[in-house]
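Below is one structure, written out as C-alpha cells; the observations come after it.
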Amino acid sequence: MHTAVISLVAFLSLLLGPDPARGQTVVVGSKHFNEGYILAEISAQLLEDRGFRVERKFGLGGTLVCFEALRNGEIGLYPEYSGTLEQAILKLPHRVSHRELREILKRRFDLDLLESFGFSNTYAIAVSRRLARVRGLKKISELAKFSDLRFGFSHEFLNRQDGWPGLARTYGLPARPVGIEHGLAYHAIREDRLDVTDVYSTDGDIKKFDLVLLEDDRRYFPEYLAALLVRGGLDEQIKRILGELAGTITAAEMQGLNGQVLLERKSFAEVAQQFLREEGLLRSQGQALLGSRWGTLLFRAATHIELTLIALVAGMAVAIPGGILIYRLRAISKPVVYLAGLLQTIPSIALLAFMIPFFGIGATPAIVALFLYALLPILRNTAAALFSIDPVLKRVSVGMGLTAWQRLRYVELPLAAPTILAGIKTAAVINIGTATLAAFIGAGGLGEPIVTGLALNDTALILEGAVPAALLAVATEWGFEGLEKLLIPKHLLQKPAE
Amino acid sequence: MAQIALEKVSKVYGDEKALQDIDLTFTDDVTTAVVGPSGSGKSTLLQVINGLVRPSRGTVSVFREPIDYGRLPELRLRIGYAVQGTGLFPHLTVEENITLLACLAKWDVEQIKARTEELMRLVNLPLSFAQRYPHELSGGQQQRVGLCRAMVLNPRIFLLDEPFGALDPITRNEIQREFLHLQQMEARTIVLVTHDLREALKLAQRLVVLDRGSLVQHGTCKEILEDPASGFVRSFFQSQLEQ
C-alpha cells in the first residue's frame with residue numbers, strides 16, 4: 001500500500017518534473033548484518049545526493065529473503081557477495097569468474113551484478129602482528145614451516161569442507177587445531193594463548209585486535225566479492241551512479257568502516273556519509289544526520305500501532321463472524337479451530353518468511369501474518385463464549401419469538417461480549433509482540449532498532465525498541481480494561497448472574 | 001376448532017419415544033395443567049406447541065392453523081412463554097427484559113412505558129425495580145418479571161414450564177394468587193407444566209395426565225379426581241396428594 005503510494009507520487013513527479021531523476025524512488029535493501037547495512041547505506045546516500053528518493057528496507061532476514069524481494073521488485077538493489085550467489089542461490093558446482101556470474105544472473109533472473117566494491121569478504125587466516133614480524137610470516141604456505149604454532153578455529157570453519165580440512169590439504173599443514181568460539185579466539189591471541197585463527201577478511205575486529213591477514217597464495221578460499229545486485233529494469237542512470245562505487249573500498253577499508261560502527265558506535269548514516277565525502281562522491285553538502293530521537297521513536301511507535309491495529313481490525317472482522325458461524329454450524333467447529341491453532345504454532349519468523357512469496361516485503365506481508373495470528377484467540381473465544389451461554393437463556397430467547405439475528409444481536413453477542421473482548425485483548429498483545437519481528441521483512445516499527453541492535457550486538461539499541469514495545473503492550477492491556485468497564489455491566493464480568 | 005390442537009403427534013429421539021400418538025385439544029380460555037411423573041414428556045408436549053420441538057409425526061395446530069415451521073418467530077410472538085429459573089437475560093435491566101419484544105416490534109416510547117408500568121403493577125413489582133438487573137432481585141421478583149416479559153405483547157396463549165418450581169412456599173403462594181387474579185381479569189388459553197399436582201389443581205380447570213409419552217387422561221380436574229382412567233392415574237394422584 002505504502003509502496004503503491006510512493007510509486008504513484010514518483011510517477012506523478014516523473015511526469016511533472018523536468019529532471020527525470022528528481023523524485024524517482026529507489027528501494028534499497030540490505031541483509032541483516034553490519035556490513036550489509038553499511039554498503040546499503042552508502043549506496044542509498046549516494047543516490048539521494050544525486051536527487052533520487054530512497055526508501056530503505058534494511059535488515060531483511062537473509063540471503064533468500066533479499067534475493068526474492070529483488071526478483072519480485074520489492075527492492076531495487078541490495079549488496080551481495082559473489083560466493084553467496086554462486087553457492088547459495090545458483091548452486092553452481094564449480095567456480096565461475098565475475099564476468100560469467102554476471103552473465104548467468106542477467107540471463108536467468110534479469111539482474112545486474114555491478115562491479116565489485118573492490119574487496120572480498122571471505123574466510124582468511126589471521127595471526128598477531130607481533131608474531132608475523134617475529135617469524136616473518138606473510139603467506140599461508142609459510143605456516144607449514146613452523147610446527148610449534150597453536151591453531152584455533154571457529155567450530156564452523158573447523159568442520160566445513162571448504163574450511164580447515166581443505167586448507168590443511170592444500171597447504172600441507174600438519175597442525176592439530178582446537179575448536180574455539182569466534183569471539184574468544186581474538187582474546188586468546190591477544191593473551192598469547194593462540195597463534196593462528198580464522199576470520200572474515202573484513203571483520204572490524206581485525207583492526208581492534210591488531211591482527212595480520214596471511215596471503216592465500218594458493219588461492220584456496222573462494223572469493224566473496226561484494227557488489228551491488230540490481231534489477232535489470234532499474235534506470236540506467238541509477239546503475240551508472242552506483243557504478244561510481246566500484247573499486248572504492250579495499251578489504252582494509254571495509255574493516256575500518258565495520259570497526260567505526262562496531263567499536264566507535266557511530267551510526268550507519270554517519271559512517272556512510274563520511275566515506276562518501278572522503279571519496280569525493282558527494283555533490284551536495286549532505287543533510288544533517290541528527291534526526292530527533294523522540295521523533296524517530298514516535299514514528300516507529302506509530303508504524304507499530306498501525307501494523308497491529310490494521311491486522312487486529314481485520315482479524316476481528318473475520319474471526320468474530322467466523323466464531324458465530326462455527327457456533328451455528330457445529331460440524332465445522334473442530335476443523336476450523338484446529339486450523340487456526342495450526343497457524344498459531346508456526347514460529348513468527350517462519351510465518352513472516354512464508355508471506356514473502358505472496359506479498360513481498362514491507363507492511364503488507366507483516367499485516368497478513370499478524371492478521372493470521374489474531375485469528376485464533378478471537379475465533380476461539382467467540383465460539384467458546386457463544387457455546388457456553390446458559391441453555392435456558394437460549395431456549396427462552398427462541399421460545400419468546402426472537403429471530404436468529406435478533407437472538408444474536410440482543411442476547412447472544414452481549415452475553416458473549418466479555419469473553420470475546422478478552423480474546424481481542426489477547427490477540428492485540430500477541431500482535432504487539434510479534435510486530436517487533438516484522439522489521440525483519442522491512443515493515444518498520446519498533447522492531448527496527450531491535451533487529452539492528454541484534455545485528456550489532458548492541459543492547460542499548462535493542463532496548464530502544466523493546467522497552468517502548470513492552471510499554472505499548474501494557475498500555476493496550478489497560479486500554480482494554482477501560483473498554484471492558486465502559487461496555488460491559490459490572491456483574492457480567494465476574495460470573496453471569498442467574 | 002380450538003386454539004391449540006394436537007393430532008396424532010409423536011416425537012422420537014433415537015430409540016426413545018418422548019411423545020406417542022397424542023390426540024389432544026386444549027380448551028380455549030382456560031388453564032390446562034400437564035402433569036405426570038418426571039420423564040413422562042410434559043415439557044416436550046409444551047415445546048411442541050411453540051415449535052421448539054418439531055414432532056416426528058402428526059400435526060400441531062395453533063390459532064387454528066397447522067404450524068408453519070418456516071415462520072416460527074412470528075407465531076411465537078403471539079405465544080407467551082415462561083420457564084423455571086425465569087430465564088431473564090442477565091445483561092438487561094428489568095425494564096429491558098420486559099420490553100425487549102415491544103422494542104423490537106417498534107412500539108413508541110410512551111406506549112412501551114405505559115405497558116411496563118401496567119404489567120409491573122399487575123404483578124405487584126415496585127416501579128423502582130425497573131432499572132435493576134435481574135441478579136439484584138429475589139427469586140419471586142425475578143419470576144414476576146418473567147411473567148411480565150411473557151405478557152408484554154398481550155398474547156392469547158401462554159405456555160408456562162414449571163414457572164413457580166424454584167420458589168419458596170410462601171412466595172409461590174403469593175404468585176399463584178396473582179396468577180389466578182390475572183386469569184380472572186382476562187382469560188387466556190394457558191398450558192401449565194408442573195410436577196406439583198396441588199399446584200395444578202389450584203391453578204387449572206383442566207388436567208392432562210401423561211405417562212411415558214402417552215396421553216393417559218384428559219378432562220376437568222373434578223372428572224379426573226372422581227373417575228381416574230386407570231390404576232396408574234389413581235396411584236399417581238394418591239402418591240402426590242399424600243405427600
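Just so it is clear: chains get the letters A, B, ... in the order the sequence lines come, proteins before strands, and each one is counted from 1. Worth knowing before you read on, the calculation uses all heavy atoms, side chains too, and leaves out hydrogens, waters and symmetry mates. Here the structure is a predicted model, which means the values were calculated and not measured.
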| Which residues in residues 93-109 of chain B have any heavy atom lying under 4.5 Å from a heavy atom of chain A? | B:Leu100, B:Leu101, B:Leu104

| request: Identify which of A:Gln406, A:Arg395, A:Lys394 forms the greatest number of heavy-atom pairs closer than 4.5 Å to chain B. | output: A:Arg395

| field | Pairs involving residues 137-159 of chain B, ordered by first then second residue, that meet salt bridge (Lys or Arg N to Asp or Glu O under 4.0 Å) (sequence neighbours left out) | value | B:Arg144-B:Glu174, B:Arg144-B:Glu178, B:Arg156-B:Glu186

| Does A:Leu372 reach the side chain of A:Met355, with side-chain heavy atoms less than 4.5 Å apart? | yes

| query | Heavy-atom distance under 4.5 Å to chain B: side chain of A:Val411, backbone, both or neither? | reply | both

| From B:Phe63 CZ over to B:Arg78 CZ, what is the distance, rounded to the nearest 0.5 angstrom? | 4.5 Å

| field | Heavy-atom proximity to chain A below 4.5 Å, by part of B:Glu74 | value | neither

| query | So which heavy atom on A:Thr419 is nearest to which on A:Ala385, and how close? | reply | CB-CB, 3.5 Å

| Closest-packed option against chain B by number of heavy-atom pairs under 4.5 Å, given A:Leu402, A:Ile488, A:Val392, A:Val398 | A:Val398

| said: Could you check whether any side-chain heavy atom of A:His304 comes within less than 4.5 Å of a side-chain heavy atom of A:Thr436, counting everything from C-beta outward? | reply: yes

| query | Quick one: does A:Ser397's side chain get under 4.5 Å of B:Phe89's, heavy atoms only? | reply | yes

| Toward chain A, the part of B:Leu52 with a non-hydrogen atom under 4.5 Å | side chain

| query | Any salt bridge between B:Lys113 and B:Glu110, counting N to O under 4.0 Å? | reply | no

| query | Side chain of B:Gln141, backbone of B:Leu125: donor and acceptor closer than 3.5 Å? | reply | no

